[in-house]
Amino acid sequence: MTSLQNKVTELFENGTINLLIGFKEAIHKLPVPCFIDNVSQVEQLIFTPSCKGNLSVYLLKTEVKQAKKVGILANVATLRAIVQLVSENQLGDIEKTVITLDAKGELVVFATMDELEAYVQANFPDLSEEDKKLLDQLNAMSRTERWQYWTEQFTACVKCYACRAVCPMCYCSSCTVEGNQPQWIKVSSETTGNLEWHTMRAMHLGGRCINCGECGRICPVGIPVHMLTVKMNQDIEAEFGAKTGFSVKNGYALNSFKPGDKEQFIK
Amino acid sequence: MNIYNIKSSQLAEFFEQLIKSGKIVIAPVLKKSGKVFFEAVHSYDQVSTDYIQTGFSAKSVVFPKVEELFSFKKDDEGIEITNNLHTIPETVVWGLRPCDASAFNYLTEFFLKENPDTYFAVRKEKTTLIAISCAKADDACFCTSVELNPGSTSGSDMLLTTMGESVYVEVITEKGKAAVETAASLFTPGEEKSKEEFLAKVTSVFSMDEVKERIKTAYDSAEWKHASMGCFGCGACAFACPTCTCFDIQDEGTQDSGKRLRCWDACGFGLFTKHTSGHNPRTNQTERRRQRLMHKFKYSVENLGIVSCVGCGRCIRNCPAHLNIFENILSVTK
Amino acid sequence: MTNQYIPYKMRIANIIEEAPHVQTYRLEFVDEKDAEQFSFKAGQFAEYGVFGEGESTFCIASSPTREGYLECTFRSSGRVTKALANCELNDIIGLRGPFGNTFPIEEWYGKNIVFITGGIGLPPLRCLIWNLLDQREKFGDITIYYGARTVNDLVYKEELEEWKNRSDVNLFLTVDPGGETPEWKGLVGFVPTILEQNPPKSENSVAIIAGPPILIKMGMPILGKNGFENENIYTTLENRMKCGVGKCGHCTVGKTYVCKDGPVFTYDEVLNMPPEY
């Protein structure tokens with residue numbers, strides 16, 4: 001057994017956790033989410049730098065909350081998501097035990113939220129090289145070219161809502177697309193309606209999205225959906241100095257006003 | 001069944017003839033994202049030949065993601081209702097895998113056996129399926145577990161199997177014959193032979209008979225919760241799946257003019273079964289995922305005598321959490 | 001091949017306000033030819049559509065013995081029913097159907113028939129009640145247990161009067177405790193309570209129970225206690241329906257499609273289904 005597996009066994013045996021959300025190896029040797037509720041299942045657990053998925057989304061799932069004491073293997077993007085979720089008061093239902101892998105490959109089990117926050121701030125992730133490149137390309141486009149780019153991309157969207165499903169920040173129990181009085185977002189998939197859906201979602205996520213890139217990674221038709229909010233976050237950081245997932249005192253940049261903000265309308 | 005041979009180097013010419021025949025030709029195309037999807041093409045250059053499986057299935061040819069059922073317009077005399085079934089073109093689907101072709105058998109039974117569906121019927125009638133055998137497979141493929149194989153002719157009008165410099169052509173139907181006739185000079189009649197050495201080896205992961213028997217009592221298995229923990233309730237698996245047929249009906253426009261559409265839907269969505277009163281017969285994701293698997297391996301068998309899974313593995317590849325359908329089936333039928 | 005998705009055009013010929021938010025529409029075919037070839041049997045339902053808004057599923061509430069029109073009774077609760085409620089006399093709406101299976105009336109000749117329902121569960125049974133009353137001599141006793149939350153919530157108020165005054169119908173009409181008005185002369189009590197206090201005899205009888213899930217849940221055991229076999233208890237199930245023809249998948253309960261294998265089921269059949277309705 002690896003040191004990770006030993007550690008997790010220990011956490012089960014001393015009653016710290018009833019459920020662990022982690023990774024296991026699956027098809028194509030990909031790390032995929034796995035759920036362990038018994039020490040007999042521990043041997044499939046892995047946690048390596050290639051475990052890039054953001055498991056924090058599962059902390060909001062009913063079946064996971066039912067377990068009450070939940071452990072989670074968190075890479076830096078996931079840690080950032082946890083900080084943001086705590087700042088939005090979404091993780092009060094569970095006692096969480098968060099485990100990360102530091103740069104040296106050592107396991108770190110956070111004792112407190114403060115420790116977790118400090119770690120995130122000290123290891124605040126940058127965009128991946130791939131995302132930086134695409135962001136540069138988008139920034140270099142004219143407005144018309146950017147519109148053309150996204151129109152082409154979203155024509156392929158099939159409205160499977162995998163992007164929404166995998167996002168830890170999309171936790172609304174009743175999503176805007178699910179209403180039909182009025183019907184803000186069409187059910188059918190066609191270019192304009194798809195643009196409306198993604199733009200609306202980006203507006204709800206700008207200033208909250210922690211740039212894990214999961215939505216773009218898992219899109220079945222290969223649309224780099226995450227770039228919408230990566231770009232928005234870049235703008236919001238420039239305008240308001242707000243870094244998402246940085247501090248539990250964050251809140252949400254777009255729905256808070258501070259006296260130092262440059263807008264004059266409220267004065 | 002008629003057997004022909006065509007030189008591998010002349011496949012492109014056959015393809016161009018199909019295009020020249022005036023039909024719409026849908027083939028696998030490599031996209032910028034690195035995934036391969038079926039698209040209408042104008043030349044063989046656009047066709048991808050180096051893929052194990054396409055991202056989505058070819059079902060959209062007969063069951064599009066959005067189908068206009070009719071359009072309506074109010075005038076002084078009342079309401080005029082029209083539809084454009086008469087504009088559906090003759091279509092050839094090139095490059096689907098044997099699993100996908102077999103899926104068309106299920107789709108045909110489902111849509112036409114009882115209360116036949118006009119839209120499906122028109123589209124299927126106008127579609128020719130030219131399948132290509134699998135020389136490679138990956139660990140998400142499990143066709144051999146559902147009684148298919150990488151060289152199966154089930155459901156296709158023509159099946160092509162590359163054997164070195166030449167392509168072994170099995171013509172199964174009249175439509176397949178008509179396709180040969182668009183480029184008759186390229187084809188030479190051939191002898192039946194074994195495709196085995198040119199086909200991928202797909203290891204069986206379960207016995208279909210055993211699963212069909214055990215699933216009869218699997219509804220109350222305690223394993224469903226664990227098997228469904230990773231499921232977020234998106235529609236990726238259902239939309240990618242060649243046999244998923246659930247749909248929603250939506251009106252768009254105004255009460256004066258607009259259209260009624262049918263669009264892909266998925267039993268995994270939380271709202272799928274929810275009543276206007278708020279009552280939801282399937283209250284959580286465990287119940288919803290159970291429905292999907294029970295439907296594929298039990299209810300379809302009870303209703304149509306067919307397991308509605310062809311082992312293509314798309315659900316596994318497209319799932320954001322890579323939930324594994326055959327692993328789950330094994331665990332709930334233990 | 002008939003195109004199952006093209007609706008008939010129906011003119012709203014009459015509107016009755018039955019109860020708060022509940023209306024009955026009498027519909028007539030715009031096209032004579034449609035009227036001539038359309039026929040249905042008690043138990044079947046239709047998809048009623050407002051063009052541009054969508055379709056909603058209700059039973060056909062009028063009896064097939066009454067020709068020249070169809071009726072539907074609905075409560076406006078969602079987008080489509082609200083749009084329907086906003087329609088006016090002579091507006092054109094769409095109707096697709098008839099869909100589903102039927103009550104096996106021929107098997108009930110000579111038997112006593114018991115109806116148990118509440119609130120807006122009456123419309124699907126009202127079709128059947130008039131169907132039987134229009135051939136009254138073929139059946140034994142006809143007993144109806146019906147109630148609503150308040151006097152105002154009772155539907156088909158005039159027809160209830162008519163049934164009350166008929167000597168060949170036993171009507172137990174009730175409102176929930178607290179729902180009565182000073183003028184109320186009927187019973188007071190939940191429908192299952194009234195059923196329990198005035199149990200129907202099970203010999204040579206058939207029971208049809210429909211309505212809110214709680215009514216069915218409480219009523220079934222009472223029938224069982226009084227000797228009704230599960231195969232002689234019928235219900236009409238409701239589930240989310242869209243296509244009406246067993247294709248869209250929304251209404252499935254196990255392998256059963258409520259729209260095409262139902263909505264009429266015996267209690268035996270219901271017990272053999274997974275509890276997903």
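Every chain is numbered from 1, with letters handed out A, B, ... down the list of sequences.
Checking A:Ser188 against B:Glu252 by side-chain atom types alone, a donor-acceptor pair falls below 3.5 Å. For the residue pair B:Asp138 / A:His28, a side-chain donor-acceptor distance below 3.5 Å is found, with atom types taken as modelled.
Closest of all the heavy-atom pairs between A:Gly222 and B:Ser33 is O-CB, 3.5 Å.
No more than 12 heavy-atom neighbours from other residues, nucleotides or ligands sit within 6.0 angstrom of CG on B:Asp50.
Looking at B:Ala266, neither its backbone nor its side chain comes within 4.5 Å of chain A, counting heavy atoms on both sides. In this structure, no portion of A:Gln153 lies under 4.5 Å from any heavy atom of chain B. When heavy atoms are compared at a cutoff of 4.5 Å, A:Val221 approaches chain B by way of both its backbone and its side chain. Residue A:Ile21: no heavy atom, backbone or side chain, is found under 4.5 Å from chain B.
A donor-acceptor pair is defined here as one N or O able to donate and one able to accept, closer than 3.5 Å; such a pair exists between the side chain of A:Lys61 and the backbone of B:Met229. At distances below 3.5 Å, not a single donor-acceptor pair connects side-chain atoms of B:His322 with backbone N or O atoms of A:Leu30. Of the possible donor and acceptor atoms, none in the side chain of A:Lys159 sits under 3.5 Å from a partner among the backbone N and O of B:Gly235.
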Walk me through it: do A:Glu152 and B:Lys32 pass the test side-chain contact (heavy atoms from CB on, under 4.5 Å)? CA-CA 12 Å; A:Glu152 210 181 286; B:Lys32 265 184 273 185; 4.0 Å; yes
Might you work through the side-chain contact (heavy atoms from CB on, under 4.5 Å) test for B:Asn284 and A:Thr62, ending with a clear yes or no? CA-CA 8 Å; B:Asn284 59 51; A:Thr62 316; over 6 Å; no
Does the side-chain contact (heavy atoms from CB on, under 4.5 Å) test come out yes or no for B:Lys225 and A:Gln66, once each step is laid out? CA-CA 12 Å; B:Lys225 187 169 177 187; A:Gln66 281 166 359; 3.2 Å; yes
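Side-chain contact between A:Glu63 and B:Thr286 is present, with at least one heavy-atom pair separated by less than 4.5 Å.
Annotation: maximal heavy-atom pairing with chain B below 4.5 Å, among A:Val32, A:Ile218, A:Ile27, A:Ile223, occurs at A:Ile27.
Aromatic ring centres of A:Tyr58 and B:Phe232 lie closer together than 6.0 Å.
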